[in-house]
Amino acid sequence: MSPADPIIPPRSVPENDAGYFEKITQAVFQAGFSWKVIRQKWPNFQEAFAQFDVDAVADFTEEDMERLLEDKGIVRNGRKIKATITNARTCQSIIANHGSFHAYLRTLDGQDYETRSKTICKQFKFMGPMGAYFFYWSVGEDVPPYEEWSANR
């Protein structure tokens, strides 16, 4: 990943829990899709998913699912939409237990990258190794150099 790549979003620590949830969701939707397409549609995702307000998305209903499945402005993958709602509920639990998502990540400090990656993959639906790498990288967490990481896959 290169910060100069226009498809890859800039690397920065999110200001709040919504920012972390947004990066988790972006990692989920990018898996198996063109990153360029996801980037182009991202403003629509922000609107469709309540600016990634964790509590709002966690409260989404079947009617919200139907609305999202009809929204041509986003990728209408039902399994990933459902995963996003489930992931919001996971974020709620993490935030309730740690005070913030950032505080939760600090509990993982001291663990090697592979352990941290496996932890997040187990917790979040549709989060695989590449998604975990993207997530950690995009929120400013320590990751191995991409070339080294991908060579070991």
Side-chain angles (χ1 to χ4, degrees), residues 1 5-108 111 113-141 143 146 149-150 153:
M1 289 188 193
D5 188 333
I7 296 173
I8 307 298
R11 189 173 191 198
S12 65
V13 176
E15 294 180 16
N16 53 37
D17 293 326
Y20 284 100
F21 177 49
E22 180 173 4
K23 291 301 182 183
I24 290 166
T25 304
Q26 198 168 37
V28 165
F29 274 93
Q30 286 177 165
F33 286 92
S34 161
W35 287 27
K36 184 177 180 180
V37 168
I38 300 301
R39 277 289 274 173
Q40 289 171 341
K41 290 180 175 260
W42 205 249
N44 301 326
F45 276 90
Q46 292 169 321
E47 184 176 330
F49 287 100
Q51 303 303 314
F52 297 98
D53 179 287
V54 174
D55 293 330
V57 177
D59 286 341
F60 276 14
T61 64
E62 286 298 319
E63 290 78 24
D64 291 304
M65 274 284 300
E66 293 299 322
R67 171 183 58 83
L68 293 167
L69 288 169
E70 297 296 321
D71 187 339
K72 293 179 181 174
I74 67 170
V75 173
R76 296 175 290 167
N77 180 307
R79 292 176 28 189
K80 290 187 178 196
I81 291 169
K82 186 172 184 163
T84 299
I85 297 166
T86 300
N87 289 344
R89 294 172 185 153
T90 300
C91 281
Q92 271 186 320
S93 177
I94 287 170
I95 294 162
N97 289 331
H98 299 280
S100 70
F101 202 90
H102 181 79
Y104 162 71
L105 289 177
R106 300 293 56 88
T107 69
L108 303 177
Q111 295 180 3
Y113 175 75
E114 283 303 313
T115 302
R116 289 183 295 124
S117 177
K118 287 177 183 175
T119 298
I120 206 148
C121 287
K122 286 179 187 174
Q123 290 180 303
F124 293 99
K125 302 283 184 199
F126 272 89
M127 182 69 75
M130 183 67 222
Y133 188 92
F134 166 81
F135 169 74
Y136 282 124
W137 182 87
S138 70
V139 300
E141 294 291 313
V143 294
Y146 180 75
W149 175 82
S150 64
R153 304 269 12 108

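Fair warning: this is a prediction, and the values are worked out from it, not measured in the lab. Sequence positions, counted from 1, serve as the residue numbers for this chain.
The aromatic rings of H102 and Y20 are tilted relative to each other, their planes meeting at an angle between 30° and 60°.
One finds the CG atom of N77 at 12.0 Å from the CG atom of L68 (value rounded to the nearest 0.5 Å). To the nearest 0.5 Å, the span separating CE on M65 from CD1 on I81 amounts to 6.0 Å. To the nearest 0.5 Å, atoms CZ (R116) and CG (L105) are separated by 8.5 Å. Interatomic distance, E22 CD to Q51 CD, rounded to the nearest 0.5 Å: 8.0 Å. Interatomic distance, CD of Q92 versus CG of N97, reported as 11.5 Å (0.5 Å rounding). Here D71 contributes atom CG and R76 contributes atom CZ; the two are 8.0 Å apart, rounded to the nearest 0.5 Å.
Pairing each heavy atom of I94 with each of Q123, the nearest pair is CD1-NE2, 3.9 Å. Here the closest heavy-atom approach between residue Q26 and residue R39 is recorded as NE2-CD, 4.4 Å. Here the closest non-hydrogen pair linking P129 and W149 is O-CZ2, 3.5 Å. Residue H98 comes nearest to A103 through the heavy atom pair O-CB, 3.3 Å, listed as atom of the first residue, atom of the second, then distance. Pairing each heavy atom of S138 with each of K23, the nearest pair is OG-CD, 3.5 Å. When all heavy atoms of F126 and A83 are compared, the pair lying nearest together is CD1-CB, 3.7 Å.
Considering only heavy atoms from C-beta on, Y136 comes within 4.5 Å of Y113 through its side chain. When side chains are defined from C-beta on, F124 does not count as touching V28, because their heavy atoms never get closer than 4.5 Å.
Not counting sequence neighbours, the partners of D53 by the side-chain contact (heavy atoms from CB on, under 4.5 Å) test are D55, A56.
Outside the 6.0 Å centre-distance limit, the rings of W42 and F33 are not counted as a close aromatic pair. Ring to ring, F134 and W35 are close: their centroids are under 6.0 angstrom apart.
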Chi angles and distances behind the side chain to side chain contact (heavy atoms under 4.5 Å, CB included) call for F29, I74
CA-CA 10 Å; F29 274 93; I74 67 170; 5.7 Å; no
Let's go through T25 and N87 carefully: what are the C-alpha distance in whole Å and the side-chain angles of both, what is the deciding distance for side chain to side chain contact (heavy atoms under 4.5 Å, CB included) to 0.1 Å, and is it a yes or a no?
CA-CA 8 Å; T25 304; N87 289 344; 5.9 Å; no
Show the numbers, then the answer: is there a side chain to side chain contact (heavy atoms under 4.5 Å, CB included) between F101 and V139?
CA-CA 11 Å; F101 202 90; V139 300; over 6 Å; no
Could you go through F49 and F21, starting from their C-alpha distance and side-chain angles, then the distance that decides it, and tell me whether this counts as side chain to side chain contact (heavy atoms under 4.5 Å, CB included)?
CA-CA 10 Å; F49 287 100; F21 177 49; 5.7 Å; no
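Counted by atom type alone, D64 and T61 present one or more donor-acceptor pairs between their side chains at under 3.5 Å.
Taking a 6.0 Å sphere around NZ of K82, one finds it holds 12 or fewer heavy atoms contributed by other residues, nucleotides or ligands. At most 12 non-hydrogen atoms from other residues, nucleotides or ligands lie less than 6.0 angstrom from CD of E47.
Ion pair R106/E141 flagged as a salt bridge, since at least one NZ, NE, NH1 or NH2 atom sits closer than 4.0 Å to an Asp/Glu carboxylate oxygen.
When atom types are taken as modelled, the side chain of Y133 and the backbone of V143 share no donor-acceptor pair closer than 3.5 angstrom.
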